[in-house]
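So the structure is just underneath, and the comments pick up after that.
We're numbering straight along the sequence, starting at 1.
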Amino acid sequence: MLSVAAFSLLSLLPLSLAAQHEHELGRRTASYDPVTTVTQSTAVPIATVVPIGDPRGPGRGLPPRGQQYRLNSSFEITDTPLTSTFKATRSYDWLIASVISIFLSIVIDANIINRAKTAAPDGYSRNLITINGLTPGPLIEANVGDTVIVNITNTLASSTSVHWHGMYQNSTPWMDGVPGMTQCPIPAADDTSNGTFVYEWVAQDYGTYWYHSHSAVQYTDGLQGPLIIHSPDDPLKRGVDFDIEEVIMMADWYHDEASTIVNELLDSGYQGSIAAPSPQSALLNGQGEISTQHPD
C-alpha cells in the first residue's frame, strides 16, 4: 500500500516495509542515546542551554523511531462513534521543548530526572524542537467520529501552536491552531510557569494527515508529526490488501535554525542569496546523514 501527500518541506508515506538497510560509505550518520520519555504531572522548569562543543561532532539525542510509526495492528477500525451515543476519546499529553545541548530537571511524582541531551539527526548538532523528546512528534491514530484531546505544555522561550492539517474543524474553528487567526498563541514559558493549552476536536474525514506548528517557522525545526484517521470505508483493508502499515515522514533539514534563515532572507539574503536555500540533508522519520567531506 502506498499513498503520498506532499508538502512544502515534508511528506508522509504510509507503506509496507520489507527490510531496512544501513550503510556508512564515508558518511556521518545520526547518533543517538536512549532518552527517558516521561508523562508530565507538574510544571517543568525551563531548560538551560550549555555549550555543545564541536558542532560537527556526533551528538547524543533522540532515539531511533523503531516501530513507533508502525500503525497498531490491534487498533479497532470502526464507525461506532458515528452510529452510537458513545463517543471514543483519544487523549494525549505533550511536552514541547527545545533541544540543543540542555540540562532538564523534570519533576515527576517527586522524582527528579536529570538528563543532558544533544541532537544531531544527520550527524550535525543543532537546536531543534521536540514533542515528548521526539522529532517528528508522536503518532496520533483515531477513527472518524472520535474526539481527540491534546494537552499541550509549552516550555519554549517563544509562543507556539499546533495546526491539525486536513481536519475540517466544523463547529470548532478555534481549535484549528492558527495563532492570530483562530486562536491566541500558546504562551511562551517564563521564569515561573510554562504555557498550556488543551486542543479538543472531532475527526471528520479519514486519511493520512500531519500536524505541525503554525507559529513562525517552528515546524521546519521539528514541531510536526503524523496524524492518521481510520474508517471502515477505507478501500484498502488490513490483512487483505496489506499486512504492515507504517508512516514515513520525509523532511528537508537545514543546519541553521529556520528563524535564522528567514531573518537573513528578509534582510540582505541568506549566505549571499535572496533565493530559498537548498537543505543540507533530508530526514526520514527524524534520521539522516551528511557527507563528512561536505558537512555544510
Side-chain angles (χ1 to χ4, degrees), residues 7-10 12 35 37-49 61-62 90-102 104 106 117 119 121 126-140 148-167 169 172-201 209-227 249 251-254 256-263 266 283 286:
F7 307 105
S8 173
L9 293 175
L10 177 150
L12 294 90
V35 174
T37 300
V38 295
T39 301
Q40 182 229 338
S41 58
T42 57
V44 179
I46 301 172
T48 302
V49 176
L62 309 177
R90 315 284 178 181
S91 184
Y92 303 85
D93 295 321
W94 283 3
L95 178 71
I96 297 177
S98 180
V99 175
I100 180 168
S101 178
I102 61 177
L104 288 177
I106 305 178
K117 292 191 277 188
R126 53 147 291 182
N127 194 11
L128 49 80
I129 301 175
T130 66
I131 302 175
N132 292 352
L134 301 176
T135 184
L139 167 69
I140 288 181
V148 177
I149 299 176
V150 183
N151 302 296
I152 302 287
T153 298
N154 178 28
T155 70
L156 301 176
S158 58
S159 62
T160 190
S161 64
V162 180
H163 171 64
W164 315 98
H165 201 101
M167 298 296 99
Q169 300 296 350
T172 54
W174 50 86
M175 294 294 168
D176 195 44
V178 183
M181 181 67 69
T182 61
Q183 72 165 94
C184 294
I186 303 172
D190 58 28
D191 292 337
T192 60
S193 64
N194 301 306
T196 61
F197 188 78
V198 178
Y199 286 101
E200 182 174 346
W201 46 270
Y209 303 98
W210 66 309
Y211 60 81
H212 58 87
S213 172
H214 231 304
S215 296
V217 282
Q218 292 175 347
Y219 82 96
T220 311
D221 290 327
L223 210 174
Q224 26 92 345
L227 169 61
M249 298 192 69
D252 291 340
W253 192 245
Y254 300 85
D256 284 326
E257 293 181 55
S259 57
T260 298
I261 297 173
V262 170
N263 289 338
L266 294 175
L283 303 183

Would you compute the distance between atom [atom1] of [X] and atom [atom2] of [Y] and round it to the nearest 0.5 angstrom?
{"X": "N154", "Y": "I186", "atom1": "CG", "atom2": "CD1", "value": "6.5 Å"}
{"X": "H214", "Y": "H165", "atom1": "NE2", "atom2": "NE2", "value": "8.0 Å"}
{"X": "T130", "Y": "L128", "atom1": "OG1", "atom2": "CG", "value": "7.0 Å"}
{"X": "H163", "Y": "Y219", "atom1": "NE2", "atom2": "OH", "value": "11.5 Å"}
{"X": "L95", "Y": "T155", "atom1": "CG", "atom2": "OG1", "value": "5.0 Å"}
{"X": "Q169", "Y": "T182", "atom1": "CD", "atom2": "OG1", "value": "8.0 Å"}

Are any side-chain N or O atoms of [X] and backbone N or O atoms of [Y], one a donor and one an acceptor, separated by less than 3.5 Å?
{"X": "T172", "Y": "W201", "value": "no"}
{"X": "S213", "Y": "V162", "value": "no"}
{"X": "N132", "Y": "D93", "value": "yes"}
{"X": "S215", "Y": "S161", "value": "yes"}
{"X": "E200", "Y": "M175", "value": "no"}
{"X": "Y92", "Y": "I140", "value": "no"}
{"X": "D176", "Y": "V178", "value": "no"}

Residues that Y211 engages under side chain to side chain donor-acceptor pair (under 3.5 Å), provided they are two or more places apart | none
Would you check, one step at a time, whether the test side chain to side chain contact (heavy atoms under 4.5 Å, CB included) holds for I149 with V198?
-> CA-CA 7 Å; I149 299 176; V198 178; 3.9 Å; yes
For D221, the salt bridge (Lys or Arg N to Asp or Glu O under 4.0 Å) test, sequence neighbours excluded, returns R126
Shortest non-hydrogen separation from [X] to [Y] and the atoms involved:
{"X": "S98", "Y": "L156", "result": "N-CD2, 3.4 Å"}
{"X": "Q224", "Y": "A251", "result": "NE2-CB, 4.4 Å"}
{"X": "D190", "Y": "T192", "result": "OD1-N, 2.8 Å"}
{"X": "S91", "Y": "N151", "result": "OG-ND2, 3.9 Å"}
{"X": "A189", "Y": "N194", "result": "CB-OD1, 3.5 Å"}
{"X": "P136", "Y": "M249", "result": "CB-SD, 3.6 Å"}

Aromatic rings W164 and W94: how do their planes relate, parallel, tilted or perpendicular, breaks at 30° and 60°?
-> tilted
Less than 4.5 Å apart, any side-chain heavy atom of M167 and any of L227?
-> yes
Could you check if a side-chain atom of I129 sits within less than 4.5 angstrom of a side-chain atom of I96, using non-hydrogen atoms only?
-> yes
